[in-house]
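Written below as structure tokens is the structure these notes are about.
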Amino acid sequence: MSGLETIVEFGCLSDEQRWNAGRYDFAWLPELDAHDRGIVKLLDCLADGEFSGQASSAQLYELMVREVDNGYPRELQYDWAEIYAYANIIVYEESRHGFSLGLLNYYVDTGRTDFIKRLSVREYGRKYVWCYDDRRYWDLYSYILAHLFGEVVNTELYRDIRAKVHHPELRQIITNVMTDEARHTRAWANLIGNLIRSDPRHEERALKTLTKGLLFHNAMVHETYFEGQNKMLKLFSSAQGGKAGAIERIVKIKHNLLDELFGADKNPLSEAEIKKIHMEFLASSFGETRAVAGPNGTIKFLKQEEDAPVLAEAV
Ligand SMILES: [Fe+2]
Ligand SMILES: [Fe+2]
């Protein structure tokens with residue numbers, strides 16, 4: 001698929017596979033057992049990550065404006081039109097994930113269901129839309145690659161969470177989100193493939209910035225990302241009984257996607273190398289909770305500070 005066919009395909013798939021959020025009125029929440037509550041309690045930062053899909057779109061535009069200011073050729077700018085069209089679709093889907101997980105976590109924490117009513121728009125904007133102000137890690141190409149590879153991690157994480165939870169309604173929500181993430185992965189792969197094939201200059205830029213795109217999850221824009229990463233480690237399944245663990249699955253899928261995008265001849269990384277840099281990344285961020293961007297988009301870890309609460313008094 002080329003031209004605008006990909007956006008029609010994935011736009012229609014989103015419509016056809018849209019699950020009913022039921023106005024986020026989850027009447028079954030009191031039925032959650034202690035095991036499920038323990039899992040849901042770990043999902044606060046993951047909900048933040050889902051909401052931070054809002055920042056993805058904002059930053060994607062800003063990165064392009066910066067490129068154009070620096071003399072980026074107009075025809076290359078126009079090649080991104082399909083990707084920008086898809087960003088409009090995906091941002092809404094990520095906010096649905098944020099509302100679902102945020103409500104689940106809030107209920108387990110407080111016993112209340114007025115999560116959305118009590119969300120402050122100003123805090124929402126600070127934490128999830130403009131949060132990238134402190135975390136500009138990427139250029140345009142590494143950022144779009146981070147979206148593709150971030151969806152791989154998301155899909156495998158939800159796959160493992162789904163296998164662990166008991167309540168059928170909770171499992172259904174996790175399945176719905178997982179299915180969305182898998183569709184997002186496929187869409188980004190097709191769209192980025194179209195971009196790369198449209199002009200060799202895109203391929204050159206993408207290859208140049210590949211490692212960062214592969215390692216830096218796009219949800220790193222929000223402030224609790226590393227706290228979440230460390231919490232999530234226990235939710236990922238490790239290899240057992242002949243079944244591949246999450247890290248092996250993620251590495252394999254990422255490697256296959258690199259082959260698909262660049263061809264096996266131009267893909268500079270083997271599976272073993274991808275695994276090695278991922279393990280090094282996990283080790284370097286182990287136990288960290290907060291980070292901002294340092295010079296040249298490096299990660300600067302911070303001591304944990306008291307966050308402003310995202311929930312304001314009901315209005
Ligand atoms: Fe999501
Ligand atoms: Fe997604």
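Atoms within each ligand, like the ligands themselves, are counted from 1 in listed order. No hydrogens, no waters, no symmetry mates; every other heavy atom, side chains included, goes into these values.
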*Tell me, with the steps shown, if E280 and K276 meet salt bridge (charged side-chain N to carboxylate O under 4.0 Å, His left out).*
CA-CA 6 Å; E280 286 167 359; K276 180 172 176 281; 3.0 Å; yes
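The six-membered or imidazole ring of Y61 lies away from that of W80, with a centre-to-centre distance of 6.0 Å or more. Taking the ring centroids of F51 and F99, they lie under the 6.0 Å cut-off.
The OE1 atom of E50 and the ND1 atom of H97 subtend an angle of 100° at the Fe ion (ligand 1), given to the nearest 10 degrees.
For E94, the nearest N, O or S atom to the Fe ion (ligand 2) falls under 2.8 Å. Taking 2.8 Å as the criterion, E181 counts as a coordinating residue of the Fe ion (ligand 2), since one of its N, O or S atoms falls below it.
We find that E248 and K275 are joined by a salt bridge, their nearest charged nitrogen and carboxylate oxygen being less than 4.0 Å apart.
When the Fe ion (ligand 2) is compared with the N/O/S atoms of H184, atom ND1 turns out nearest.
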